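In what follows, a single structure is set out as structure tokens and then discussed.
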Amino acid sequence: MRYGFFDDKRREYVITRPDTPVPWINYLGTDEFFGIISNTAGGYCAYRDARLRRLTRYRYNNVPSDSGGRYLYLRDDATGEYWAPSWQPVRRDLDAYECRHGLSYTAISSSLGGISAQALYFVPPGETLEVWRLRVTNERAEAAEISAFSLAEFALWDAQDDATNFQRNYSTGEVEVDLSAASGVIYHKTEYRERRDHFAYFACSEPVAGFDTQREAFLGAYRGFDAPLAVQRGTSGDSVAHGWSPVGSHHVRLTLAPGQTREVIFLLGYWENPRDAKFAAPGVINKSLVQPVIDRWLDPAAVEAGFAALQAAADDVLGALQVDTPDDDTNRMVNIWNAYQCLVTFNMSRSMSSYESGIGRGMGFRDSCQDLLGSVQLDPARARDRIRDLAATQFASGGAYHQYQPLTKTGNDAIGSGFNDDPLWLVLGVAAYLRETGDATILNERVPFSDGGEDTLYGHVERSLRYTLDRLGPHGLPLIGRADWNDCLNLNCFSETPGESFQTTENLSGGVAESIFIAGLFTLAAREFAELADHVGRPADASGFRADAEKMAAIVAEHGWDGDWFLRAYDHYGNPVGSAANAEGQVFIEPQGMCVMGGIGVGNGLATRSLASVRERLATPHGIMLVQPAFREYHVELGEISSYPPGYKENGSVFCHTNPWVMIAEAMTGNGDAAYDYYRRINPSAREAISEVHRCEPYVYAQMIAGADAATHGEAKNSWLTGTAAWNFVAITQWILGIRPELDGLRVEPVLPSEWPGFSATRRFRGATYEITVRRGDAPAGQSAAPIYDGASQVTGVTVDGQPIEGTVVPLATPGATIRVEVTIK
Ligand code: BGC
Ligand code: NOJ
């Protein structure tokens, strides 16, 4: 069953009924001002940091769900009937409803009783404000008197404090209302009197008939957003908030002739004044700096232009890669939605979504490093800045803070460090940046350490690898620390106390438990680093790390192979985890994907055997599960993983992030059919038709899909902010379609499903455009292309502008040029 449809031409998903199984959200903002918005206008916004600079309130896990948002109410002043054009929060049945989620904008349209409305929400590029453009049309034969009310509920900046510290916060709220201009501007200035230099504003383009800034005055006591007293009555309370809960609400009266449309623009924005120019008069905000911004964006022409600029920016970004394959689900994910999700995860890391409260986790070190893999081609300049920020949260040991706050860019001491995989992801991120941009200067940049001192980025990356080598366990495998990629495999954190954090309760010395996953990741990272080292003329480093990678691969083959698959780990007692010898948790997906990606067992049968085990033991029609058999009992020696009921999250769900590793491994071993089959199983667009089962948005990946052990097998959760976005993008574009940046050119080495005759693509790479065509057929006479992995390549020949080349790496084209790349495959 579907709740809407894809409009690929407009790059929108169109939701045709408001009551989706869960709120289906979208993101607003591309630079520093961000928000989430649901298909019924729920959500909130923040400036740079969803915890420390929260502008508006949202109530997670509330009833009705998705409570708090960018609300607009309409009222027929002749009858007193009122409704919300976004359905929520009034939930009055509408005659028509449609929500179009596009790239960084959302438009919700509806009609009731001959009055139609459309609200367009977006953040103009480069601005710290969101536009709500409301258009109301009278489709009746007679004139209509309609009242429009807006509502935004302000958060008192620190979202955590806002949701907990009521004894203080009920007394601190302050606003200013400025009706001096033709329009009405409400300023939210809680704590501006003291240390804050920032305030929020909520402006309206039309003369207002009234306003409210105290929540209770607008809603009425004991009432919810669904039946505000002001709206019911048809008049605002003109309330000025002193403490309690400041809101912004405008009341605009619209007289509409038959067929007439009126437009009202609301702006919800953030502004920071220079500290020495905060006040115009004692206690009064100096508005002289923000006023021109408000004036500008209340102009309909500016809004139109800002919206066009947003779309042009999306065109530009998506222009990095466009593909035309025989499969629509692949095309729309690669060309539109997966790329977009990569940008969103890059911007948000794991901070604000329907499942991430914006409070708990800022930027995750490993998460943000992996997000780079999917976004670097879309926005290399910001990738560069992000790499510096991440590296600056490293310690001189090479270790890293697990998380940092985006506003302050400082590491989070509450969670600290000691996730032994973390630093290795930086190697992958930096290597991806270099392959994409060729910009080796980044390696010479000096970047500080969190604990003092500094080194070049090259040095940071090298220390990341050494961090692993300095922490090897009894088998010579990497020690796991608090956890590796699997945050829930906590082999040194034995917790018997309810509510304790599994990740921070590191109560064992940590000198025994080892991770085969980290071994695979190290092997991959060391090989990538070796390429970089060679590239920048440091052959000794390159050969050193190649040797370390070889050695690690040999140790994995000796101590990390269980007979039919790669082991997962050794626990604190030195017992194997993820072995046929275990009663539960015999096979884990992570080492199967990652060891093969690191090249371990490729060419000697282990890789193909491991992948066969994945197929036999872990694959379901809804994707590949993380572990089987799932844990039915709590294992103190394994940690959080066994705390989840079987089939959920790390305990045996289809943890989507890991699936592309297997797709890549299948592609590396030449199995395009398997790679693509797995790709389709979790492709959200391919799952659209079972939306009643999948339940999450069909346009973006979710972190998990409940596994076969779960009562709700096939149900997705934790959509949007997941490394699944980046890794699926890498799997489909770089490995299945095979368009893979290398340091010295663009490799085109597809491993396609056998049913595909070929595909075409346009790739922007280092300033040039590569028009790529792939088709089945023989090599041009006399040519044979050498595959990187023996026997894996399907490629029979490559020509560039009609001239055959050796191998599958297309040499760099002149910036500005467009070249034609034709690839034949068997
Ligand atoms: C989740 C993990 C997550 C971790 C972060 C756990 O509860 O299952 O997916 O990485 O929390 O703290
Ligand atoms: C989600 C976390 O954000 C990520 O860092 C982790 O690798 C996965 N969960 C698996 O536990």
Side-chain angles (χ1 to χ4, degrees), residues 341 344-346 348-353 355-374 390 393 400-404 412 414-426 428-429 480-491 493 495 498-506 515 517-518 520-521 568-569 588-591 593-594 624-627 630-631 634 638-661 701-707 710 716-727:
Q341 189 180 1
V344 170
T345 55
F346 174 84
M348 296 284 108
S349 197
R350 304 298 171 266
S351 68
M352 52 162 40
S353 76
Y355 309 84
E356 301 282 5
S357 66
I359 293 174
R361 308 201 272 158
M363 316 294 290
F365 189 91
R366 79 158 80 85
D367 296 324
S368 291
C369 286
Q370 290 172 85
D371 294 344
L372 284 169
L373 308 179
L390 286 161
T393 66
Y401 269 114
H402 195 50
Q403 286 155 18
Y404 70 93
N412 176 357
I415 179 105
S417 177
F419 297 76
N420 283 355
D421 64 313
D422 271 342
L424 293 172
W425 299 107
L426 181 70
L428 265 52
I480 196 167
R482 292 190 197 172
D484 60 19
W485 171 87
N486 189 330
D487 268 329
C488 298
L489 201 57
N490 314 112
L491 305 182
C493 315
S495 179
E500 205 167 57
S501 154
F502 289 98
Q503 279 88 34
T504 55
T505 309
E506 191 180 13
S515 163
F517 173 81
I518 299 183
L521 178 59
R568 179 63 177 84
F588 283 72
I589 190 173
E590 306 101 301
M594 193 50 74
I624 314 168
M625 295 180 286
L626 190 147
V627 63
F631 298 99
Y634 179 57
L638 299 181
E640 184 171 0
I641 189 166
S642 60
S643 75
Y644 283 113
Y648 293 97
K649 293 280 280 177
E650 279 84 346
N651 190 12
S653 78
V654 172
F655 209 97
C656 296
H657 186 144
T658 61
N659 281 220
W661 296 340
Y701 288 98
Q703 181 200 61
M704 64 155 272
I705 298 173
K717 259 184 218 150
N718 301 16
S719 56
W720 278 102
L721 301 185
T722 161
T724 313
W727 277 108

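Keep in mind it's a predicted model, so treat the numbers as computed, not measured. Ligands are counted one by one from 1 in listed order, and the atoms in each one are counted from 1 as well.
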Open item on the list: I'd like to know if the side chain of Ser642 reaches the main chain of Gly639, judged simply by a donor and an acceptor atom lying under 3.5 Å from each other, with no hydrogens or angles considered.
Closed with: yes
Open item on the list: Classify the ring geometry of Trp727 against Trp425: parallel below 30°, tilted from 30° to 60°, perpendicular beyond 60°.
Closed with: perpendicular
Task: Nearest-contact summary for atom 10 (O) of ligand 1 - protein heavy atom, Å - done: Asp487 OD2, 2.5 Å
Task: Side chain Asn718, main chain Met704, donor-acceptor under 3.5 Å - done: no
Task: Per-atom contacts, ligand 2 versus Phe655 - under 4.0 Å to a heavy atom - done: 8 (C), 9 (N), 10 (C)
Task: Closest approach of Phe631 to Ile641 (non-hydrogen atoms, all atoms of both residues) - done: CE1-CD1, 3.9 Å
Task: Shortest protein heavy-atom distance from atom 2 (C) of ligand 1, along with the residue and atom involved - done: Glu650 OE2, 3.0 Å
Task: Contacting atoms of ligand 1, where contact means under 4.0 angstrom from a heavy atom of Gln703 - done: 9 (O)
- [ ] Report yes or no: does Lys649 have a heavy atom closer than 4.0 Å to ligand 2?
- [x] no
Task: Backbone or side-chain N or O of Asp367 under 3.5 Å from ligand 2 N or O - done: yes
Open item on the list: Looking at ligand 1, is there an atom of it that comes within less than 4.0 Å of some heavy atom belonging to Phe502?
Closed with: no
Task: Test item: Arg482 side-chain N/O and Ser417 main-chain N/O as donor-acceptor pair under 3.5 Å - done: yes
Task: Identity of the nearest option to atom 9 (N) of ligand 2, non-hydrogen atoms only, from Arg366, His402, Glu650, Gln503 - done: Glu650
Task: Identity and distance of the protein heavy atom lying nearest atom 1 (C) of ligand 2 - done: Gln703 NE2, 3.4 Å
Task: Proximal atoms of ligand 1 relative to Tyr644 (non-hydrogen, under 4.0 Å) - done: 1 (C), 6 (C), 7 (O), 8 (O)
Open item on the list: So does Glu590 get a backbone contact from the side chain of Thr658, meaning a donor-acceptor N/O pair under 3.5 Å?
Closed with: no
Open item on the list: For the residue pair His402 / Asp422, report whether a side-chain donor-acceptor contact shorter than 3.5 Å exists.
Closed with: yes
Task: Gln503 side chain to Asp487 backbone, donor-acceptor under 3.5 Å - done: yes
Task: Numbered atoms and elements of ligand 2 in range of Asn486, under 4.0 angstrom, heavy atoms - done: 11 (O)
Open item on the list: Judged on heavy-atom distance to atom 2 (C) of ligand 2, which of Arg350, Glu590, Gln403, Arg361 sits nearest?
Closed with: Arg361
Open item on the list: Suppose we measure from atom 6 (C) of ligand 1 to each protein heavy atom; which comes out shortest, and what is that distance?
Closed with: Glu640 OE2, 3.2 Å
Task: Part of His657 within contact of ligand 2 (heavy atoms, under 4.0 Å) - done: neither
TODO: Describe, in one word, how the ring planes of Phe517 and Trp485 are oriented to each other, choosing from parallel (under 30°), tilted (30 to 60°) and perpendicular (over 60°).
DONE: tilted
Task: Nearest-0.5 Å distance, CG of residue Leu521 to CG of residue Asp421 - done: 6.5 Å
Task: Closest protein heavy atom to atom 12 (O) of ligand 1, given as residue, atom name and distance to 0.1 Å - done: Gln503 OE1, 3.7 Å
TODO: Identify, for atom 6 (C) of ligand 2, the protein heavy atom at the shortest distance, and state residue, atom and that distance.
DONE: Trp485 O, 3.2 Å
